[in-house]
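These notes concern the structure reproduced below.
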Amino acid sequence: MTTGSGTSPQSGAPMRVRFAPSPTGALHVGTVRTALYDWILARKTGGRFILRIEDTDQERFVPEAEQIIFESLRWIGLDWDEGPGVGGPHAPYVQTQRRELYQAAARRLIESGAAYECDCSPERLEEVRKKQEALKLAPGYDGKCRRRDPAELAESRRQGRPVVVRMKLPPAGDVSFVDLVRGKVTFSWATMSDFVILKSDGLPTYHLAVVVDDHDMKITHVLRGEEWIASTPRHVLIHEKLGYQMPVMVHLPLLLAPDRSKLSKRHGATSVNEFRDAGFLPEAMFNFLALMGWSPGDDREVMTRQEIVDAFSLDRIKDSPAIFDRTKLEWMNGVYIRQLTPRQLAERLIPFLEQSPGGLPPSVPRPLDIGYLEKSVPLVQDRLKTLRDAADLIDFLYAPEIRPEPAEVVQKGMTVATTASSLGRSLQVLREAEPFEHPVLDARHRALAEELGLKTGQLFGALRVAITGKKVAPPLFETMEVLGRKLCVERVERAIDALGRSEARA
RNA sequence: GCCCCGGUGGUGCAGCGGUUAGCACGUCAGCCCUUCAAGCUGAAGAUCAGGGGUUCGAAUCCCCUCCGGGGUACCA
């Protein structure tokens with residue numbers, strides 16, 4: 001390390017970190033931010049980045065979600081060293097395939113007296129909660145089954161009544177743990193109650209599963225969103241009772257919407273897939289997300305993946321929430337778009353231009369000619385915030401004909417007649433210019449404007465509308481060069497015709 | 001309600017005991033100029049949430065208040 005900025009106390013030893021999403025749908029940008037930090041840390045320390053699927057919630061399980069997770073991670077460039085698809089020494093990496101481990105752990109906890117079985121009905125639980133609410137007490141399980149008769153439990157089971165396993169909380173006192181971002185955090189056991197670790201369907205809750213798996217997979221650092229900080233005491237308890245050592249805890253600041261509430265659907269796009277489809281570049285997304293909750297300590301913002309890995313350190317993660325500013329993301333995406341070569345940009349643009357709604361009109365034949373596109377790209381490269389912006393900016397290059405509005409062709413201080421005659425003179429230039437390249441076209445038209453006593457803006461403006469059909473378009477003569485002599489002549493002729501017809505009507 | 005974590009220009013971030021409070025996005029203006037961008041210059045914009053302390057000195061440390069967020073499930 002030559003910069004020194006990236007050397008944090010913990011950057012030396014290889015870290016084993018895991019990203020453990022639930023397959024419940026698309027990957028939220030906040031979740032991906034966590035994955036990003038995991039990946040960076042693993043790469044930085046020569047450690048391992050482990051992917052684990054936490055599918056213990058059968059209710060919320062979405063079958064396609066697993067594929068979406070893989071795709072999203074691959075899209076943004078996070079490759080995993082252990083996990084689904086690649087295997088590893090702690091396989092399987094899908095929690096529903098590991099249930100024996102959790103059940104064994106639950107059994108050990110019951111045997112040691114740290115946990116107990118509970119057959120309280122949902123109705124009773126609801127009743128207890130209501131009573132507590134009425135008395136303004138903290139809601140929570142009252143511990144009735146702590147002293148449940150084993151025979152009664154067995155009877156419940158025989159009758160098919162649901163039985164869960166609950167962790168027994170210490171009667172009083174505080175729990176503390178060290179969080180790398182927030183320092184020492186303390187909770188009182190009184191604010192919690194005996195929580196479920198094994199559900200009646202035999203699957204573990206998050207609390208048990210995470211502890212068992214992180215220990216089994218030898219995870220050294222746990223990175224997760226701040227919403228987990230309040231349940232960390234539960235994890236401390238389970239670790240303790242199982243005789244496991246706690247990994248280093250790192251609770252990342254939440255990602256908020258501009259209105260400072262939790263980033264959700266109503267704020268627009270929230271999943272990486274949506275950003276990908278909206279035309280954001282993965283490298284821009286990587287860079288932007290890395291800065292959501294972390295900064296290098298100097299004023300750098302636009303950084304390559306390698307620069308981020310080099311500069312990253314856990315002690316520079318901030319403790320206040322990060323707000324997702326889409327405008328700034330768009331700016332950064334534009335920066336990355338401008339860094340591409342025309343060829344690279346053309347290649348990335350093709351899927352966006354070829355897609356049916358949002359791309360070029362269906363009348364434009366697919367597949368697109370990459371050569372023509374590559375020539376067109378420099379015309380709009382500086383003007384793109386997202387890849388999806390391109391279609392609207394270059395559609396006129398693909399239109400079979402342009403039907404300009406006569407009123408828009410005529411520039412300020414000109415009439416239909418003077419405009420038509422000026423375009424007629426331009427036509428000569430277009431027919432004769434040799435070679436048909438922008439420096440020549442530019443020089444000839446400047447001379448023409450002077451000869452006609454027009455401002456360049458007047459002549460060029462009229463031509464722009466004739467050639468592109470738009471008042472706002474890329475630089476005129478570069479555009480003409482891409483379009484070629486034949487099309488330019490046709491379009492200017494057509495504009496003159498249109499002017500003639502409008503005059504006749506008037 | 002209770003518990004935990006936050007609060008620096010409009011926005012995102014840096015600064016964490018002594019700075020004219022720094023950078024970026026956005027906004028506005030100028031330059032460039034054929035429009036729009038991009039680029040370059042410059043400007044406006046902050047009682048560092050408020051109030052008390054501690055200190056020679058506080059955005060930085062402590063306390064209170066207010067505001068925001070998170071948690072409080074057989075969801076993760």
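So that the names make sense, note that chain A is the first sequence line, chain B the second, and so on, each numbered from 1.
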Looking only at atom P, what distance separates rU11(B) and rA46(B), rounded to whole Å? 12 Å
Using a heavy-atom cut-off of 4.0 Å across all strands, would you classify R446(A) as base, sugar-phosphate, or nothing? base
Between rA76(B), rG6(B), rC36(B), which nucleotide gets closest to the side-chain atoms of Y206(A)? rA76(B)
M167(A) CE to rA73(B) C1', straight-line distance once rounded to whole Å: 18 Å
May I ask you to say what S193(A) touches in the nucleic acid, namely base, sugar-phosphate or nothing, with a heavy-atom cut-off under 4.0 Å? nothing
Remember a base hit wins even if backbone is also touched, and classify V196(A) as base, sugar-phosphate or nothing at under 4.0 Å, heavy atoms. sugar-phosphate
Can you check whether any acceptor in the base of rC36(B) is under 3.5 Å from a donor in the side chain of R383(A), or vice versa? yes
Using the C1' atoms only, state how far rA38(B) lies from rA49(B), rounded to an integer number of Å. 39 Å
Around atom NZ of K318(A), are there more than 12 heavy atoms of other residues, nucleotides or ligands at under 6.0 Å? yes
Do the side chain of S295(A) and the base of rC13(B) come within less than 3.5 angstrom through a donor-acceptor pair of N or O atoms? no
For rU35(B) and rG9(B), measure between their P atoms and round to the nearest Å. 38 Å
Minimum-distance nucleotide (side-chain atoms of L125(A) versus rA38(B), rA76(B), rC74(B)): rC74(B)
Could you tell me how far rG7(B) sits from rC13(B) if I compare only their P atoms? Round to whole Å. 11 Å
F477(A) and F460(A): aromatic ring centres closer than 6.0 Å? yes
Looking for any heavy atom pair under 4.0 Å, which part of the strands does E301(A) touch: base, sugar-phosphate only, or nothing? base
Listed nucleotide nearest any side-chain atom of P139(A), set rA76(B), rU72(B), rA24(B): rU72(B)
Output yes when at least one side-chain N/O atom of K471(A) is less than 4.0 Å from OP1 or OP2 of rC36(B), else no. no
Report yes if the distance between the aromatic ring centroids of H235(A) and Y206(A) is under 6.0 Å, otherwise no. yes
I need the minimum non-hydrogen distance between S176(A) and T186(A), along with the two atoms involved. OG-OG1, 2.9 Å
In whole angstrom, what separates M192(A)'s CE from rC3(B)'s P? 12 Å
Between rG12(B), rG69(B), rC74(B), which nucleotide has the shortest distance from any of its atoms to the side chain of L254(A)? rG69(B)
Hey, do the aromatic rings of F19(A) and F70(A) have their centres closer than 6.0 Å? no
Figure out the CG/C1' separation between D382(A) and rC33(B), and round it to whole Å. 14 Å
Under 4.0 Å, heavy atoms only, any strand: does P253(A) hit a base, just the sugar-phosphate, or nothing? nothing
Upstream residue (5' side of RNA chain B) when D325(A) and A20(A) are each assigned their closest nucleotide: D325(A)
Categorize T456(A) for me: base, sugar-phosphate, or nothing, with a 4.0 angstrom heavy-atom threshold over every strand shown. sugar-phosphate
Does NZ or CZ of R234(A) lie under 6.0 Å from the centre of the six-membered ring of F195(A), at an angle within 45° of the ring axis? yes
Within the structure shown, what part of the strands sits under 4.0 Å from P475(A) by heavy-atom distance: base, sugar-phosphate, or nothing? base
Which nucleotide in the set rC4(B), rG15(B), rC75(B) lies at the smallest distance from any side-chain heavy atom of K199(A)? rC75(B)
Distance check needed: rC75(B) C1' versus D201(A) CG, whole Å only. 12 Å
Euclidean distance for P, rG22(B) against rC28(B) (whole angstrom): 24 Å
Applying a 4.0 Å non-hydrogen cut-off, can you work out what L476(A) is touching in the nucleic acid: base, sugar-phosphate, or nothing? base
Without decimals, in angstroms, what is the distance between F195(A) CZ and rG71(B) P? 17 Å
So if I take every side-chain heavy atom of T205(A) and compare against rC13(B), rG26(B), rC74(B), which nucleotide ends up nearest? rC74(B)
Spacing of the P atoms in rG50(B) and rC66(B) (rounded, Å): 16 Å
Is there a side-chain polar atom (N or O) of R234(A) under 4.0 Å from OP1 or OP2 of rA76(B)? no
In whole angstrom, give the distance that lies between atom CG of D319(A) and atom P of rC4(B). 16 Å
Quick one: is the NZ or CZ of R148(A) closer than 6.0 Å to the six-membered ring centre of Y116(A), and within 45° of its axis? no
Is the number of heavy atoms from other residues, nucleotides or ligands under 6.0 Å of R348(A) CZ greater than 12? yes
Selection from rA14(B), rA24(B), rC74(B) that lies nearest to any side-chain heavy atom of W331(A): rA24(B)
Using a heavy-atom cut-off of under 4.0 Å over every strand shown, decide if K318(A) touches base, sugar-phosphate, or nothing. sugar-phosphate
Same-atom distance (P) from rU72(B) to rG53(B), integer angstrom: 40 Å
For nucleotides rC61(B) and rC5(B), find the distance between their P atoms and express it as a whole number of Å. 15 Å
Without swapping roles, check the side chain of E123(A) against the backbone of C120(A) for a donor-acceptor pair under 3.5 Å. no
Indicate yes or no for a side-chain donor-acceptor contact from N333(A) to the backbone of K385(A) under 3.5 Å, with no hydrogens or angles considered. yes
note: I337(A), atom CD1; rA38(B), atom C1'; distance rounded to Å ~ 13 Å
Where the side chain of P321(A) is defined as all heavy atoms beyond and including C-beta, which of rG69(B), rG6(B), rA76(B) is the nearest nucleotide? rG6(B)
Cation over ring face, R316(A) and F312(A), 6.0 Å, 45°: no
Using a cut-off of 4.0 Å on non-hydrogen atoms, how would the nucleic acid contact of R182(A) be classed: base, sugar-phosphate, or nothing? sugar-phosphate
Options rA73(B), rG15(B), rG22(B), nucleotide nearest the side-chain atoms of D299(A): rG22(B)
Counting only side-chain N and O atoms of S231(A), is one of them less than 4.0 Å from OP1 or OP2 of rU72(B)? no
So what does T186(A) hit on the nucleic acid, given a heavy-atom distance under 4.0 Å: a base, only sugar-phosphate, or nothing? sugar-phosphate
Heavy atoms only, 4.0 Å cut-off, all strands: where does A322(A) land among base, sugar-phosphate and nothing? sugar-phosphate
Could you write out RNA chain B as a dot-bracket string, with dots for unpaired bases, | for bases paired across to another strand, and Watson-Crick or G-U pairs counted at under 3.5 Å? ((((((((.[[[[.)..(...]]]].(((((.......))))).....[[[[[..)....]]]]])))))))....
Please tell me if R338(A) has a side-chain N or O lying less than 4.0 Å from either OP1 or OP2 of rG39(B). yes
Check against side chain to side chain donor-acceptor pair (under 3.5 Å), D213(A) and Y102(A): CA-CA 9 Å; D213(A) 285 345; Y102(A) 314 122; 2.7 Å; yes
Check the distance between rA38(B)'s P and E478(A)'s CD and give it to me in whole angstrom. 17 Å
Would you kindly compare W294(A) and S320(A) by the position of their nearest RNA chain B nucleotide and give the one closer to the 5′ end? S320(A)
Counting only side-chain heavy atoms from C-beta out, which of rC5(B), rC3(B), rC25(B) sits nearest to T191(A)? rC3(B)
